[in-house]
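The figures here come from the full heavy-atom set of this structure, side chains too, leaving out hydrogens, waters and symmetry mates.
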Amino acid sequence: QVQLVESGGGLVQAGGSLRLSCAASGLSFGAYSMGWFRQTPGKERDFAAAISGWSGISTRYVDSVKGRFTISRDNAKNTVYLQMNSLKPEDTAVYYCAARRAAGYFLARGSGSNLEYDYWGQGTQVTVSS
């Protein structure tokens, strides 16, 4: 029974920081690439960041968060993180973590697509006030 449980969301002022966590269970965590997606009401989930399986040697970010967000993983804790700095009101969304079976040490094609992930968490709300 695979579970991904996000935490760390909340309300923050523009320019502030939050660190999201996603604790995984029921899978061989290191063998999965992990992604963060975000969704606002009435829209589909959009890619934010991804990290490759095992040591997390490769990362990918949507352009709008580059330089502000950092994705990382701790395989000993079966947890992936999203450190979000310099937050903007447009970052407001429900943030979801997702797991994708990895083929190797690097991110594969499709890591930015919500159609390519096997498991999803329940989401955590991030609200950035102006």
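- Every residue meeting the ring pair (Phe, Tyr, Trp, His ring centres under 6.0 Å) condition with Phe37, not counting sequence neighbours, appears here in chain and number order: Phe47, Tyr117, Trp120.
- Residues Asp91 and Phe69 meet the side-chain proximity criterion, which asks for heavy atoms closer than 4.5 Å.
- A heavy-atom distance below 4.5 Å is found between the side chains of Val80 and Trp36.
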Throw together a table of side-chain donor-acceptor distances under 3.5 angstrom for residues 123-130, partners on residues two or more places apart or in other chains.
unit_1 : atom_1 : unit_2 : atom_2 : d
Thr124 : OG1    : Gly9   : N      : 3.3
Gln125 : NE2    : Ala93  : O      : 3.4
Gln125 : NE2    : Thr127 : OG1    : 3.3

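- Rounding to the nearest 0.5 Å gives a distance of 8.5 Å between OG of Ser55 and CZ of Arg73.
- A donor-acceptor pair is defined here as one N or O able to donate and one able to accept, closer than 3.5 Å; such a pair exists between the side chain of Ser52 and the backbone of Ile57.
- A donor-acceptor contact shorter than 3.5 Å is absent between the side chain of Ser113 and the backbone of Gly110.
- If you chain together hydrophobic residues whose side chains sit under 4.5 Å apart, Tyr119 and Val5 never meet in one group.
- Taking CG from Leu82 and CG from Leu18, the interatomic distance works out to 9.5 Å, rounded to the nearest 0.5 Å.
- Side-chain heavy atoms closer than 4.5 Å link hydrophobic residues (I, L, V, M, F, W, Y) into clusters, and following such links, possibly through other members, connects Val65 to Ile51.
- Rounded to the nearest 0.5 angstrom, Gln83 CD and Leu20 CG are separated by 8.5 Å.
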*For the pair Val62 and Asp46, evaluate side-chain contact (heavy atoms from CB on, under 4.5 Å) and give the outcome as yes or no after the intermediate values.*
CA-CA 9 Å; Val62 68; Asp46 294 323; over 6 Å; no
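- Criterion: ILVMFWY side-chain heavy atoms under 4.5 Å apart, direct or through other members. Under it, Ile71 and Val94 are part of a common hydrophobic cluster.
- Of all heavy-atom pairs between Leu4 and Gln122, the closest is O-OE1, 3.3 Å.
- A distance of 11.5 Å separates CE of Met34 from OG of Ser72, quoted to the nearest 0.5 Å.
- The structure places OG of Ser21 at 9.0 Å from NZ of Lys77, a figure rounded to the nearest 0.5 Å.
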_Arg38 vs Thr40, side-chain contact (heavy atoms from CB on, under 4.5 Å): CA-CA, chis, key distance, verdict_ = CA-CA 7 Å; Arg38 54 191 186 176; Thr40 56; over 6 Å; no
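- Two residues are said to be in side-chain contact when any heavy atoms from C-beta on lie closer than 4.5 Å; Cys22 and Thr79 fail this criterion.
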*Give the intermediate values and the outcome of side-chain contact (heavy atoms from CB on, under 4.5 Å) for residues Met84 and Tyr95.*
CA-CA 11 Å; Met84 305 186 294; Tyr95 282 70; 3.8 Å; yes
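- With no hydrogens or angles considered, a side-chain donor-acceptor pair links Asn85 and Ser17 at under 3.5 Å.
- Of the inter-residue distances, the one linking Asn114 atom CG with Arg45 atom CZ reads 7.5 Å to the nearest 0.5 angstrom.
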*Could you go step by step and tell me if Tyr96 and Glu6 meet the side-chain contact (heavy atoms from CB on, under 4.5 Å) rule?*
CA-CA 7 Å; Tyr96 298 87; Glu6 300 96 335; 3.9 Å; yes
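- Across all non-hydrogen atoms, the minimal contact from Gly56 to Thr59 is O-CG2, 4.4 Å.
- Here the shortest heavy-atom pairing between Arg100 and Arg109 reads NH2-O, 2.6 Å.
- In this structure, Ser111 and Ala50 approach most closely via the heavy-atom pair O-CB, 4.0 Å.
- Using modelled atom types, one finds no donor on one side chain facing an acceptor on the other under 3.5 Å when comparing Gln39 with Glu44.
- A search for side chain to side chain contact (heavy atoms under 4.5 Å, CB included) contacts involving Ala31 returns Ser28, Trp54, Arg101, not counting sequence neighbours.
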